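Okay, structure first, notes after.
On a predicted model such as this, the values are computed, not experimentally measured, just so you know.
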Amino acid sequence: MSEKIWTNLTMDINGLTQEVKFSKTAIEEIFNPFLRKLTELQGMTDRKIIAYIAAPPAAGKTTIAQFLEKLSRENQMFTNIRALGMDGFHYDSEYLKKNKILRDGQEILMNDIKGAPETFDVDSMQIKLREVRQEGTNWNIYDRIIHDVVHDALNVEDDIILVEGNYFLLNEPRWTNIRVLADYTVFIKAAPELLTERLISRKMNTGLTREEAENFYLNSDSKNVERVLKNSAHANETWELQADGDYIKLDDDEEDFDEMIFENETEN
């Protein structure tokens, strides 16, 4: 087997400078064909289109979405896409610190599970997505310096909007209203054990101790990972994160086989 060829880049991800890499195979066999599909779809519909990348936390969806935007703008064969994130639709920090939800019979402060589906203002996001498709709008962002939402921070008028987030394909009330707004969807699968250290390190980078980060992972992040992997609807195509950070595209047979295994485990 030949050695992989990697493209290494320095990118600004969520306001932080990061070193990232993608394999030449992933670019040529997954990312470029995906951009070609969106370009063709927008050309056929002759209107603004919305695509989603959904994935469990720490599967690389934000980095991929921003890299896809970069690729689209560097190749004249593709219509430029605009990469946006779901995180700007967290409830404001003040709201999360004052409100609780009921989980497993216990009242939990929303701020303690920040990032869970319940901590997002889904209704506002649905309104914004409809505005994006119709005429363009201003989009919220999440500022990771102040750890809070900045409303209407970005003006969005592009013809192809690629929005990334954890819960776009979630089979749960309210989220199904978001799912139906997409013209095309991608789901990124990842083994939970590949995400654990990524998520713990992410929390430590915000100032938490190792123990605090591990506790947050156990009480929040791990539950979100499981929820996304087990309760997301079928996407138009599925990519999978590999142990070396690379991505592969799964064909329909592989996806169906995985679903059959999970259904059999549930029945047993």
Side-chain angles (χ1 to χ4, degrees), residues 22 26-27 29-69 71-72 78-89 117 120 122-123 125-134 139 156 158-190 195 224-241 247-259 262:
F22 296 102
I27 294 171
E29 297 183 5
I30 303 176
F31 300 156
N32 284 340
F34 172 68
L35 290 173
R36 191 174 298 113
K37 283 181 182 178
L38 296 189
T39 296
E40 292 172 352
L41 179 60
Q42 194 278 324
M44 288 187 295
T45 57
D46 195 29
R47 61 167 173 78
K48 297 177 185 293
I49 66 167
I50 296 173
Y52 295 156
I53 295 181
K61 60 192 175 302
T62 303
T63 304
I64 286 178
Q66 293 191 20
F67 181 61
L68 286 166
E69 179 181 295
L71 286 178
S72 76
F78 304 137
T79 300
N80 289 353
I81 70 167
R82 182 68 176 272
L84 301 172
M86 183 182 75
D87 285 351
F89 293 89
F120 286 87
V122 181
D123 294 335
M125 182 162 44
Q126 182 180 358
I127 291 171
K128 285 289 189 182
L129 285 166
R130 291 187 182 279
E131 290 176 353
V132 161
R133 170 174 286 155
Q134 292 171 359
W139 191 261
V156 181
D158 308 73
D159 287 332
I160 301 179
I161 311 299
L162 178 62
V163 197
E164 53 83 11
N166 302 133
Y167 309 120
F168 282 124
L169 298 179
L170 208 57
N171 279 317
E172 294 185 12
R174 298 195 308 157
W175 290 99
T176 54
N177 295 332
I178 294 289
R179 191 178 77 216
V180 297
L181 297 178
D183 297 285
Y184 200 84
T185 57
V186 170
F187 185 73
I188 301 176
K189 295 179 64 173
L195 306 176
N224 296 335
V225 169
E226 181 179 16
R227 200 163 167 182
V228 171
L229 290 176
K230 291 187 176 181
N231 199 27
S232 290
H234 190 81
N236 291 108
E237 57 185 86
T238 301
W239 308 342
E240 185 175 60
L241 173 65
Y247 294 87
I248 62 171
K249 182 180 176 182
L250 301 182
D251 60 32
D252 291 338
D253 290 340
E254 289 175 289
E255 294 173 46
D256 293 342
F257 181 68
D258 286 344
E259 290 171 5
F262 178 70

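Partners of Tyr167 under the ring pair (Phe, Tyr, Trp, His ring centres under 6.0 Å) rule, at least two apart in sequence or in another chain, are Phe120, Trp175. Remark: Asp87 engages Arg144 in a salt bridge (Lys or Arg N to Asp or Glu O under 4.0 Å) (not counting sequence neighbours).
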### Message
Let's go through Leu38 and Arg36 carefully: what are the C-alpha distance in whole Å and the side-chain angles of both, what is the deciding distance for side-chain contact (heavy atoms from CB on, under 4.5 Å) to 0.1 Å, and is it a yes or a no?
### Response
CA-CA 5 Å; Leu38 296 189; Arg36 191 174 298 113; over 6 Å; no
### Message
For a side-chain contact (heavy atoms from CB on, under 4.5 Å) check, start with the C-alpha distance between Glu131 and Lys128, then their side-chain angles and the critical distance, and finish with the verdict.
### Response
CA-CA 5 Å; Glu131 290 176 353; Lys128 285 289 189 182; 3.7 Å; yes
### Task
Please lay out, stage by stage, how Asp158 and Ile81 fare under the test side-chain contact (heavy atoms from CB on, under 4.5 Å).
CA-CA 7 Å; Asp158 308 73; Ile81 70 167; over 6 Å; no
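Closest heavy-atom contact between Phe168 and Ile53: CD1-O, 4.3 Å. Among all heavy-atom pairs drawn from Asn171 and Ser232, the shortest one is ND2-C, 3.8 Å. Contact between Phe78 and Leu71 at its shortest, heavy atoms only, is CD1-O, 4.2 Å. When all heavy atoms of Ile160 and Asn80 are compared, the closest pair comes out as CB-O, 4.0 Å. A pairwise comparison of heavy atoms in Val228 and Pro56 identifies CG1-N, 3.6 Å as the closest pair. Annotation for Pro57 and Val225: closest pair CD-CG2, 3.8 Å, computed over non-hydrogen atoms.
With rounding to the nearest 0.5 Å, the separation of OH in Tyr52 from CG in Leu84 is 11.5 Å. One distance of note links OH of Tyr247 with NZ of Lys189; it measures 14.5 Å at 0.5 Å rounding. From Leu250, atom CG reaches atom CD of Glu237 across 10.5 Å, with rounding to the nearest 0.5 Å.
At distances below 3.5 Å, at least one donor-acceptor pair connects side-chain atoms of Thr45 with backbone N or O atoms of Gln42. With hydrogens and angles disregarded, a donor-acceptor distance shorter than 3.5 Å links the side chain of Arg133 to the backbone of Leu181. Between the side chain of Tyr184 and the backbone N or O of Leu41 there is no donor-acceptor pair closer than 3.5 Å.
The side chain to side chain contact (heavy atoms under 4.5 Å, CB included) test with Thr185 is passed by exactly one of Thr238, Asn236, Ile50: Asn236.
Taking the six-membered ring where tryptophan is involved, the planes of Phe31 and Phe67 are perpendicular, since the angle between them exceeds 60° and thus also 30°.
Side-chain contact between Ile64 and Ile188: present, with at least one pair of heavy atoms (C-beta onward) separated by less than 4.5 Å.
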